[in-house]
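This report refers to the structure that appears directly beneath it.
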There are 2 protein chains.
Amino acid sequence: MKKSALFCLIFVLSNCWMWVTCAESQQATDKKIIHDGEYYILQAQNANKWASDDKVVDEKLAEFRKNNGGKPPNVLYILVDDVGFGEMGNPTLNHVRGYKTPRINDLAKQSLRLARMYTEPSCTPTRVAFMTGRQPYRMGMGETSVALSGFGLPDNEVTLAEVLSNVGYNTSHVGKWHMGDIEEAYPTNQGFDYAAFPIHQQAQLALFSNDNQNANQLIGLDSRQYGDTYTLDNGFRPVPGAMVTGVEGFKGKSVKEVDMQPGEEWTQQKYREMNERYQRQAITQLRKLAKEGKPFFLQYWPLLPLTFTRADVDQYKTPNGGSQVEAMQEFDGWLGQILDEMEQLGIADNTILIFMGDNGNFTRYQPYSGFSPMVYRGGKGDTTEGGVRVDAFVRWPGMIEANSIAGDIIHVSDLFTSIARLAGATDQIPTDRLIDGVDQTAMMLIGDTHGRRDTVFLYSGPVLQAVVKEQYKLHMPPKGENFIGANWYDLFRDPREEYPVSTQIGAWAAASMIDILKRHQMSKQRFPDTPPAFGRPYTGIVNLRPESKALVEAFMSWQAKK
Amino acid sequence: MKKSALFCLIFVLSNCWMWVTCAESQQATDKKIIHDGEYYILQAQNANKWASDDKVVDEKLAEFRKNNGGKPPNVLYILVDDVGFGEMGNPTLNHVRGYKTPRINDLAKQSLRLARMYTEPSCTPTRVAFMTGRQPYRMGMGETSVALSGFGLPDNEVTLAEVLSNVGYNTSHVGKWHMGDIEEAYPTNQGFDYAAFPIHQQAQLALFSNDNQNANQLIGLDSRQYGDTYTLDNGFRPVPGAMVTGVEGFKGKSVKEVDMQPGEEWTQQKYREMNERYQRQAITQLRKLAKEGKPFFLQYWPLLPLTFTRADVDQYKTPNGGSQVEAMQEFDGWLGQILDEMEQLGIADNTILIFMGDNGNFTRYQPYSGFSPMVYRGGKGDTTEGGVRVDAFVRWPGMIEANSIAGDIIHVSDLFTSIARLAGATDQIPTDRLIDGVDQTAMMLIGDTHGRRDTVFLYSGPVLQAVVKEQYKLHMPPKGENFIGANWYDLFRDPREEYPVSTQIGAWAAASMIDILKRHQMSKQRFPDTPPAFGRPYTGIVNLRPESKALVEAFMSWQAKK
């Protein structure tokens, strides 16, 4: 969190409640936001349409506020883990997969489906892109950590929680965070009034326990195997339960680990209880926030359905029976609880609900998980569409057309910029850095063909792997190979990227694509990529267990030698 | 057509109109039909449920007849060519593919979706299975012919047209037939009162013309190339337009080739006109049949969307632009014409409309065609799900629940047996041979989980390639390899058959599957596979062109030597 943002927040909180926003100021501010090159190419060609759309959007938003006591909408953002395109809100494909998600399917019918939503290829980078409106390679957050990492989202990034806090929103985070195990990266230090979250993610929580290591999926990877023969390093294999599990806390304060005592064993049963706790806390937060009279921003990022074993379950409940599919069906009921709660609280109509997956299916655990690749090729970790395309739904009764579909390209970072606008907070978006997220409110409020993006740069960590422009996709050639050998795909004719069309469109498209790449490079020269924040893990936790402290010491052993 | 069937038909036609059917007789007759082994395994375990379902079905059918002047429903069967699973009636996947089919999607909403419809892996065998209720390997019809073939569906097979004629239906066929170029195989000799059809299929009609051979998709395959250098056989490369194109005729009579004069060039434009003609004729037949007071069975099997070039089209109408996708979108409008016509004729409610693809996408023409593999792996010609799974819809307002889905396994041959029952013609199904098609009327009229099949034997020509049982699929090992090396797949967890689960389920499933295979072999010992009918092509055509005659002479040259 930047100091200026903090100041602004205090100013708003200490004064009376007042919304200062108008169509003119929104658009004027928007022009100061710095985007990547392609945005300006599109803007030059579509200026009239965008201006006319902006007018409609501003009128709709003004009308909403008038009817909502002068307040902008609440925002509830539910992000499920590792659920790829086609798995949600499509009854026919439910039948392909062998499970049922009636509540998700109902929600899909009430929503605008963002049929071409791109994410980053894994958990951390997608979450960073949403939180900051910036693609994660820009600040070194493109890679996912599994265990101790000693890095995280830098303090000087401006998150959506900060942007919305600045215009008076209450903000809460519940569930997976996964943007670093260092103090400055915790959500309570990144703009959230309240957060309940595990420091790490599911590899630790759902793999690093003895019962899960006994399960079939981990044969040969049990951390206890061969420990008495040639092993020199007892820390190479994980020490179950040593890492910090779930913590909770308030803005700017230290956090506290909950539900784990020193020496206690971490089990699949405890992991299940953690999932259930986040579900309860999401509902608790919803109730609390709904009562407080201010608009709110709640993000609930369940750890489900990503899980690895079902050691805690006696009987499958789906014909599929895969560990993640079973978890998905269970989560369907949990989503239903939240939808019902929204109805009961009377906030269904003045809350924008966004529901989506964070990246493609985790195909490395097939066929056990039950979610193999389906419509698109590849999965989590890949920059083929299977890794970066997800089902995404936006519901806002009366404002966004129910049961509609937008085929326009959208990237998860666009939600940052779009939610800021819907909240009247566009002028809180920093203008001293490049913002990848473009304003897609017109697509949300007017519908299909009103998008403002036709390009996505797909990175794996810091490396550009593919570029999407319209229906075409360029796979970057391996490092050192000539661009002329790069493969091109037509995503409509060949969604699985199996039949290159290089010879067909090469004549014009290669030239156009080189233009795009050059513009992208120019923007990176002006705003160079920077590293993430590095530091000692687990500071700012008031009740660190001895085994966790030992883990940090071992992890920091290189620094100790300095 | 068998003589006894013919006799029975004449009897019905020469007497007054009378429907003799009741629940008791239906079920009694059904018990005489001989099925493959797995049917009896299921029957033994589900007898009570089936009996109770049969009661419901019979009551519903009796009620319908009472309200329909004592008559059973009309049947309209529309079979589109080479459109795999996921391409029809799924707006989200329309967005993936980049085209729009509003009419098909509307129809899907009005229908029961048969989400697990299996076909045979290509055109001819699927059509044979539907027409006879028997899988095509049983009578040597498992392979598809492209050019002259001199074989076809034997006279002694009993087609659905014959079955329905026997209980007083008027029957017409319009469009692709593709069950042989010998006289006894023509639809007019297989039970249809009237038929308008091309003797061959699209390879001849949409590839064997000079303008299409000039198109990009056929570079290097132009029949005129190198004709003056090393060529000894001028007949190896096709002679455009020499084969018989579209013919028309009436039951038992010779047919007549239409719209081609001797020496005339066959072009893409003429092919387009042929497609348009069949569309017109389908509507003409609908009008004619609707007025005749008898129930009717009309099958319209368009040649679309399978096509190979768009040489006749100036401008793409879809973002996809692939030749087959463009044709599909065009056909969507044509389907709309038919639906509108049904409304106008007042027959929407008393006509069962079945709409489906005949096999998976024709993936050999990628990415040009626009229909590459998507949800499932493989396409036409493969026995992976991509080759044999299609979208299928059944509409019968008031009788079949709109906007519903059945996940039960169904095979295209089941439509034979089911339509016969819906028409009150179960006792016309021959009982002297093995019938693969099982009665699925309960699934249609009651819905999901009321199916009567859990096994499909997937053949490629005469060779068993895979066996589906429930969610499991066995890929038969290559000839000569031990069964223990066979790969197994869980179709829910892994719809694309990429991650074998052999080691997981081998312990029990291999034993169970060997039981299934043994029962299947027993049934084949009692009812051995027989060859197709062989003969001289093109007899029974009154106006055979000289170039077609020459083609037959060349084709028959081996016989001439005898």
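Keep in mind it's a predicted model, so treat the numbers as computed, not measured. In what follows, chains are A, B, ... by sequence order, proteins preceding strands, each numbered from 1.
With a 4.5 Å cut-off on non-hydrogen atoms, Glu470(B) does not touch chain A at all. Residue Thr363(A) touches chain B through both its backbone and its side chain, counting heavy-atom pairs closer than 4.5 Å.
With respect to chain B, the highest number of heavy-atom pairs below 4.5 Å among Pro373(A), Ala406(A), Ala115(A) belongs to Pro373(A). Between chain A and the options Asp494(B), Asp448(B), Ile405(B), Asp391(B), heavy-atom pairs under 4.5 Å are most frequent for Ile405(B).
In this structure Asn320(B) satisfies the side-chain hydrogen bond (donor to acceptor under 3.5 Å, both in side chains) test with no other residue, sequence neighbours excluded. Under the rule for a side chain to side chain contact (heavy atoms under 4.5 Å, CB included), the partners of Glu38(B) that lie at least two apart in sequence or sit in another chain are Ile41(B), Thr455(B), Lys469(B), Ile516(B), Arg519(B).
At a heavy-atom cut-off of under 4.5 Å, chain B is reached by Asn90(A), Pro91(A), Thr92(A), Leu93(A), His95(A), Val96(A), Arg97(A), Gly98(A), Lys100(A) from residues 86-103 of chain A, listed in order of number. The stretch residues 375-388 of chain A places Val375(A), Tyr376(A) near chain B, each with some heavy atom under 4.5 Å from a heavy atom of that chain.
The backbone N or O of Gln366(B) sits nowhere less than 3.5 Å from a side-chain atom of Arg493(A) that would complete a donor-acceptor pair.
Counting non-hydrogen atoms of neighbouring residues, nucleotides and ligands closer than 6.0 angstrom, the NZ atom of Lys109(B) reaches no more than 12 such neighbours.
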